[in-house]
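Accompanying notes for the structure given below.
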Amino acid sequence: MFRVPRGTRDFLPEQAERFRSLENLAADLARRYGYGELRTPIFEYTELFERGVGESTDIVEKEMYTFTDRGERSLTLRPEGTAPVVRAFVEHKLYTGPMPAKYYYFGPMFRYEKPQAGRFRQLWQFGVELFGAPGPRADVEVIALGWHYFRELGVESRLVLNSIGCVQCRIGYKEALVSFLTGRDMCRDCCSRLERNPLRVLDCKNDGCRAALESAPVITDYLCPPCREHFDQVKAGLAGLNIPFTVDPLLVRGLDYYNRTTFEYKTDALGSQDALGGGGRYDGLVELLGGPGTPAVGLALGIDRIEMLNPPALDTGGGRRGVWLVTMEPAAAEAIALAHELRRKGVPVQYDLLARGVKAQFKQADRHRCRWALVIGPDELESGRAVLRDMESGDQQQLNLATVADELAALEGVK
RNA sequence: GUGGGUGUAGCUCAGCUGGCUAGAGCACCAGAUUGUGGCUCUGGGGGCCGGGGGUUCGAAUCCCCUCACUCACCCCA
């Protein structure tokens, strides 16, 4: 028997509906903030991610689905959404349009990881990217949009904020951090990180490393005056919108392109996979990918994990909906013709396709959780009056066949 | 990539230290009720016991390998 590939899954109608709702709510929110949808291919040239995401990141080092096509080109299933959006921004010279330029995306990403709770090889992200606004208000808008999404869904999340400064700040900080940590007791990974990318040590969950970091210098003490000012204004802007947050100087994100603001939305309800989303500012990426120097800030939210939290906004109540048409010979053909007329007028109608008896058809109406059973048999055609049964209460009434479509459309629980 | 747990019907599981045609509940289909669902009763369809190999007169059960799922580490959404 075939199964879905490891780390991927099928979405059966009930869950697919939940994902559709999450997408619709995200798209609606993005539009309210003035973001337009930008769809990019599922795969890109591998080099885009190598350069855009960063050679030394986990994503590029070990998580990419990379393959060679028949033209000997190296392609990669997109592991994240920002690099492709930036590529499109540059390729279509969108920087020539009105600034700032604001885009959102929603779709699957691919990472070759060992699956576990809340971690998949094909995962869905909703993200936004804002180009051309260097000031802190842009950071605040993006962070607020993500916060707003959680609020509308009714999902609890904690906002964690940090600033990793600019290249200049980090030179000084890295020196301080390396000299502080050198010679201390850390895990093997961190010892190598110390040389290659010392900021990653901050992200280590190892107890020994955490202990070593207790009194380590923090990046926020090394921000240059402009970066400090920017960070202060981001915090003030969030406070002004009554968005609560905590500052975590250890928050370092796994992609190389960030500068200044970084943030994550976390949950306590998913075990060890606590990140629901995150983002930050990436002022150098557009230029790195061949465009004009353009400041930018963005975020990405993990839809799979959010869905796992059972957002209250997705509760549909589980009520009955729609109409089941009960047919019987020799009047079935005529009844079915009427059903199609009802469908053309927007009424959702199902009917028996297996030549089952009346009793079984009512049972089907029940099992499919239809709100109404509409009986049209020989007697009804003769009298011109259809029998309508409320499958919730059991009450029955008669409807005039000539006006049945309008009457049904007006009923509760039809759609 | 490293480590732990689990694989028996569509689902949840039982099956003792190897021993009759492998079971239950739920679900599905039908009948009891030849134009009325939910409750009840009766009946029915469904299993290469994850796969392969081994031990044995005999394996769902014991051993080895493998695959899958799952949880955790790393890291992230």
Pair of N/O donor and acceptor under 3.5 Å linking B:G37 base with A:Arg389 side chain: yes
A:Phe89-A:Phe131 aromatic ring centre distance below 6.0 Å: yes
Of the listed nucleotides B:C76, B:G37, B:G35, the one nearest the side chain of A:Val358: B:G35
Gap in Å between the two C1' atoms, one belonging to B:G53 and one to B:C74, rounded: 35 Å
Proximal nucleotide (of B:A72, B:C75, B:U36) relative to the A:Ala117 side chain: B:A72
B:G23 versus B:G5 - spacing of their C1' atoms, nearest Å: 26 Å
Contacts of type side-chain hydrogen bond (donor to acceptor under 3.5 Å, both in side chains), residue A:Arg20, not counting sequence neighbours: none
Closest to side chain of A:Asp379, choosing from B:C29, B:G35, B:G38: B:G35
Reference residue A:Arg371; test salt bridge (Lys or Arg N to Asp or Glu O under 4.0 Å); the match among A:Asp390, A:Asp395, A:Asp366: A:Asp390
Separation of atom CD1 in A:Ile59 from atom P in B:C74, rounded to whole Å: 17 Å
A:Arg6 (side chain) and B:A68 (base): donor-acceptor pair under 3.5 Å: no
Sugar-phosphate only, base, or nothing, as touched by A:Arg367 at under 4.0 Å among non-hydrogen atoms: sugar-phosphate
Separation of atom CZ in A:Arg320 from atom P in B:G38, rounded to whole Å: 11 Å
P gap between B:G19 and B:G10, integer Å: 24 Å
Spacing between A:Phe19 atom CZ and B:A77 atom P, to the nearest angstrom: 16 Å
Separation of B:C74 P from A:Glu63 CD (nearest whole Å): 14 Å
Touch class at under 4.0 angstrom, heavy-atom based, for A:Tyr265 against every strand present: nothing
Any donor-acceptor N/O pair under 3.5 Å between B:A77 base and A:Glu307 side chain: no
Minimum-distance nucleotide (side-chain atoms of A:Lys359 versus B:C74, B:A32, B:G1): B:A32
Interatomic distance at P, B:C65 relative to B:G4, whole Å: 12 Å
B:C29 phosphate, OP1 or OP2, under 4.0 Å from A:Arg356 side-chain N/O: yes
Nearest-Å distance once atom C1' is located in both B:C11 and B:G43: 22 Å
Between A:Glu287 and A:Thr294, a side-chain donor and acceptor under 3.5 Å: no
Check: A:Phe150 ring centre within less than 6.0 Å of A:Tyr265 ring centre: yes
Residue A:Asp366, side-chain heavy atoms: nucleotide from B:C76, B:G37, B:A27 that is nearest: B:G37
Proximity to the side chain of A:Met328 - top-ranked nucleotide from B:G35, B:G37, B:A77: B:G35
Which residue lies more 5' along RNA chain B, comparing A:Gly357 with A:Gly377 via nearest heavy atoms: A:Gly357
Gap between atom CG of A:Leu223 and atom CD1 of A:Ile164 - 0.5 Å precision: 10.0 Å
Six-ring centre of A:Tyr112, A:Arg121 cation under 6.0 angstrom, axis tolerance 45°: yes
Donor on one side chain, acceptor on other, A:Glu129 and A:Tyr35, under 3.5 Å: no
Rounded distance in Å - CD (A:Glu80) to P (B:A77): 9 Å
First of A:Lys114 and A:Gly302 reached from the 5' end of RNA chain B, by closest nucleotide: A:Lys114
Rounded distance in Å between the P positions of B:U55 and B:C64: 15 Å
Candidate nucleotides B:U2, B:C29, B:U36, ranked by approach to the side chain of A:Gln364 - the nearest: B:C29
Spacing between A:Leu381 atom CG and B:G35 atom C1', to the nearest angstrom: 13 Å
Distance-only donor-acceptor test (3.5 Å): side chain A:Glu380, base B:G35: yes
Nucleotide B:C76, atom C1' - distance to CG of A:Leu276 in whole Å: 12 Å
Nucleotide of B:G3, B:U36, B:C74 approaching A:Lys62 most closely (side-chain heavy atoms): B:C74
Charged tip of A:Lys235 within 45° of A:Phe231 ring normal and under 6.0 Å: yes
B:G1 to B:U66 separation - P atoms, rounded to the nearest Å: 13 Å
Distance in angstrom units between A:Phe263 CZ and B:A77 P, rounded: 11 Å
Pair A:Arg18, A:Asn310: side-chain N/O donor-acceptor within cut-off below 3.5 Å: yes
Secondary-structure stems for RNA chain B, with pairs counted as Watson-Crick or G-U when both distances are under 3.5 Å and runs at least 3 long: B:1-7 with B:67-73, B:10-13 with B:23-26, B:28-32 with B:40-44, B:50-54 with B:62-66
Any donor-acceptor N/O pair under 3.5 Å between B:C71 base and A:Arg119 side chain: no
Distance below 4.0 Å between A:Gln116 side-chain N/O and B:A72 OP1 or OP2: yes
Pair of N/O donor and acceptor under 3.5 Å linking B:U36 base with A:Gln361 side chain: no
Options B:A77, B:C73, B:C29, nucleotide nearest the side-chain atoms of A:Ala275: B:A77
Span that lies between the P atom of B:G54 and that of B:A60, in whole angstrom: 15 Å
Heavy-atom closest pair, residues A:Val349 and A:Ala339: CG1-CB, 4.0 Å
Nearest listed nucleotide, side chain of A:Leu123, among B:A77, B:C29, B:G37: B:A77
